[in-house]
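Each chain gets a letter, A, B and so on, in the order its sequence line appears, and its residues count up from 1. What you see below is based on every heavy atom in this structure, not just the backbone, and it leaves out hydrogens, waters and symmetry mates. In this text the structure is predicted, and so the values were computed from the model without any measurement.
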Amino acid sequence: MNLDFSDDQKYLKEEARKFFEKENALGSARTTLENKLHTDENLWKKIVDLGWTGITIPESYDGLGLGHLELCVLAEEMGRTLAPIPFSSSVYLFTEAINKFASEDIKQDILPKLVSGEVIGTLAVTEELNAPSSENITTEVKNDKVSGVKIAVPDAKVATHSIIVTKSAKGVDLRLIDHSSNGISITHTNSIDESRGHFSLAIDNVSSKLIGEEGNGWECYERLIDQAAVLFSFEQLGGAQASMEMALSYAKERYAFGRQIGSFQAIKHKLADMYISITLAKSNSYYAAWALSTESSDLSVASATARVSSTKAFQFCSKENIQTHGGNGFTWEYDCHLFYRRSKLLSVNLGSLSNWKNRLVTGLEKSNVS
Amino acid sequence: MDFNDTKEQAQFRKKCRDWLEANASLKAEKSSKSDFNNNDYLQTAKDWQKKKFDAGWAMLHWPKEYGGIAASPIERIIWNSEEAKFDVPRGIYDIGLGMCGPVMMQYATEAQKERYLPVMAEGKEIWCQLFSEPSAGSDVAGLRTKAEQQGDKWIINGQKVWTSGAHYSDYGILVVRHDPNLPKHKGMTFFFVDMKSPGIDIKPIKQITGGSSFNEVYFNDVEIPDSQRLGAIGDGWKVAITTLMNERLAVGDANGADVNEAFKWAKGQDDMGDKLIENMAVRESIADWYCEANGLKNTKLRTMSALSKGDTPGPEASITKIVSANKLQAIGNFGMDSMDMAGMLQTEDSNVHDFQSAWLGAPGLRIAGGTDEILRNIIAERVLGLPEDQRVDKGVPYKDIPSGK
């Protein structure tokens, strides 16, 4: 029985924590947000140098050839400091898509460049103010040329490539495009969390390469987000823990009515509820990490369970962290709102809470666990 | 990460399993309901405990001289998880072996330990715990039951309440007030008492479920020899706290209708022409309960992983009762609502019965062994390190503390 990370993985986590502290990733998240820098390119370069963009890429493609468990511990630490980098877009989604579904030629070309930092990727799905589905995608591919408009694409400016979810003759395809191609225009859109820039992509007759097979794009996409949900849940877990720790230290420092506010039950119970939500999220994320790393048949349900628990934990902890801080929590100056913003970004990127609850129950129906 | 036993653990599990298979039958769809108010069932429970004791399975982690085999925590967990698969009486010895035994081990004399502990492990003598009082629940230290010293004995007068199994217990552990002039936490002393002593009067409490698992216990001039004092005079609170810590560990998962029952039920139940499982509100609730149920299950696995490596587990198990008792209440509520007006009716259908008993029983689970509120205080203070609440009764002589009616 061992539902825990190995000593090596814990060491990596410890190193990652020290790294993000030393680099003041949280401070950088604020600078990035305030100046609409979209991403911290220096921090990203350092992460590339550490080899972290190639963690799960096999050694034959210049990667570190480690597993998803290593990625999980990094995700948690990034979430803790709100690191303003395109890690989730490029590593959890783009890299995984290439690694899992692309042809050997594409892998040979792209994977080593993801390791070296020459390529940064993102995934473009959303088109309207709706949740995407296999039915409502209108971006089209004809003769390998893609046309359409994608919105709310994270990190698209710093990215060199995108995977576009498109409608094709056979259903839905995943298509790889190079941002330096003719016919692409990338426009920044103001968003709630400017520590990670969001963009619209106008794509006009742009050459593309097929990822996966024609017509099976939606299944690939579903599989991708099942996997990515586990990594997102670790980022959310990290963010939830950091929010609770902020609330906790404020509750110990701040005095009102002649005593520490943390000595009042109303505050204690709020913090106990944060601890409860975090413990559930953590335990479910650990199990999902196991399911991801072993490609368990349980992955779909396990990732939805982790995702729902971590979304709830981060949303709850970040909003109640503001409340614990009182008026100070509502100021721009305090960091509370950075966590609140990121909790929203992470909970809608990949689909909303109610969406994932529905996915969870659909997964139960399919696996007939009862 | 993996979910396998080590070689030693697998061998131990097989040993447990082999013995259980030879001596009990696996749980069936309809297993025996535990009813300790029924004498035959009580005898079955005693016989099972004796059988385990003779084979060395009764008190795995206890030292050998008191009837245990000094097993490791993980071996104890393995035994418990295997025993839980069999249709055998469980629960009746939890208080004695889980709370009274450890306190005796820590504070009784060597002769007393030899006299009482093996017999307790064997199941021949059942023990209960006498702490709560009508005016001392969450604030147990507010208790009033009086102890007066007369030579080498003490005279006890007062009332205890919520005593599980007092009516079939042979002994009990008892905390009382020996000096109301001292501040409340300082004026208490701890004893163990023969439940058949003259002057003890036991009356069952009828709960909102209709059942009676608890009692009121009255003490009228009950004599206890000073040799049955556990700890020094005035150390009663310290001894009680040790015991309560054991209780809060013991009162864990709320048993009863869980997410799987709710899920199955929703798949079968009609909802104005559709199946209830198609209703988005129901789907969201089932997802929430699934996350809670699995969150607790995986939390337990994390605790076991630490024990398995010989590490001390973190405080994560402290969330168990709050989460599971509230989930139980919500699932009971859901099941009854799903039948509309018929949800009120008591029928032969065992699903309906399970939802109704969850709904009626859960309020008790949210209170017993530390209310939701007290448990949140404990998480906040002991796990998160927040300061203690400021109390108006601190340092005040007990007799001067306002007590209402």
Lys14(B) atom NZ, neighbour heavy-atom count above 12 within 6.0 Å: no

Engaged part of Ser6(A) at the chain B interface, taking heavy atoms whose separation is under 4.5 Å: neither

Residue Val259(B) versus chain A: region with a heavy atom under 4.5 Å: neither

Greatest number of heavy atom pairs closer than 4.5 Å to chain A - which of Ser308(B), Ser318(B), Gly385(B): Gly385(B)

Structural part of Thr362(A) lying under 4.5 Å from a heavy atom of chain B: both

Distance-only polar pair, side chains of Asn377(B) and His269(A), donor-acceptor under 3.5 Å: yes

Glu365(A)/Arg283(B) ion pair, N-O < 4.0 Å: yes

Residue, of Ile379(B), Thr299(B), Asp2(B), Leu301(B), that accumulates the most heavy atom pairs under 4.5 Å with chain A: Asp2(B)

Residue-level interface, residues 247-267 of chain A with chain B, non-hydrogen cut-off under 4.5 Å: Leu248(A), Ala251(A), Lys252(A), Arg259(A), Gln260(A), Gly262(A), Ser263(A), Gln265(A)

More than 12 heavy atoms of other groups within 6.0 Å of Arg76(B) CZ: no

Asn4(B) versus chain A, the contacting section by heavy-atom distance below 4.5 Å: backbone

Test side-chain contact (heavy atoms from CB on, under 4.5 Å) applied to Ser354(A) and Glu284(B), step by step: CA-CA 7 Å; Ser354(A) 64; Glu284(B) 291 217 11; 2.9 Å; yes

Leu280(A) side chain near Leu296(B) side chain, heavy-atom distance below 4.5 Å: yes

Where Leu384(B) and Ala272(A) come nearest, the two heavy atoms and their spacing: CD1-N, 4.2 Å

Side chain proximity check, Tyr275(A) to Glu316(B), heavy atoms < 4.5 angstrom: yes

Check: Gly295(B) main-chain N/O paired with Asn284(A) side-chain donor or acceptor under 3.5 Å: yes

Region of Leu360(A) in contact with chain B, defined by heavy-atom distances below 4.5 Å: side chain

Mutual orientation of the aromatic rings belonging to Tyr287(A) and Phe3(B) [parallel < 30°, tilted 30-60°, perpendicular > 60°]: tilted

Among the listed options Thr6(B), Asp5(B), Ile277(B), the residue most often paired with chain A at heavy-atom distances under 4.5 Å: Ile277(B)

Max heavy-atom pair count under 4.5 Å with chain A, selected residue of Lys300(B), Met280(B), Gln9(B): Met280(B)

Heavy-atom proximity to chain A below 4.5 Å, by part of Gln390(B): both

Portion of Leu69(A) that has a non-hydrogen atom of chain B nearer than 4.5 angstrom: side chain

His61(B), NE2 atom: more than 12 neighbouring heavy atoms under 6.0 Å: yes

Min side-chain heavy-atom separation Tyr290(B)-Val361(A) under 4.5 Å: no

Contacting moiety of Glu373(B), where chain A heavy atoms sit under 4.5 Å: both

Crowding at CD, Glu15(A) (>12 non-hydrogen neighbours, <6.0 Å): yes

Electrostatic pair Lys312(A):Asp288(B) at N-O distance under 4.0 angstrom: yes

Qualifying salt bridge (charged side-chain N to carboxylate O under 4.0 Å, His left out) pairs, either residue in residues 70-81 of chain A, two or more places apart: Lys13(A)-Glu76(A), Lys13(A)-Glu77(A), Arg17(A)-Glu77(A), Glu77(A)-Arg80(A), Arg80(A)-Glu245(A)

Sidechain N-carboxylate O distance under 4.0 Å for Asp4(A), Arg302(B): no

Nearest-0.5 Å distance that lies between atom NZ in Lys297(B) and atom OG1 in Thr305(A): 9.5 Å

Donor-acceptor under 3.5 Å (Lys268(A) side chain, Pro387(B) main chain): yes

Side chain to side chain, Asn2(A) and Lys309(B), heavy atoms closer than 4.5 Å: yes

Contacting moiety of Met274(A), where chain B heavy atoms sit under 4.5 Å: neither

Asp7(A) atom CG, over 12 foreign heavy atoms within 6.0 Å: no

Side chains of Asn298(B) and Tyr286(A) in contact at under 4.5 Å (non-hydrogen atoms): no

Residue Gln11(B) excluded, over 12 heavy atoms near CD under 6.0 Å: yes

Interchain contact, Glu292(B) with chain A, by part (heavy-atom threshold 4.5 Å): both

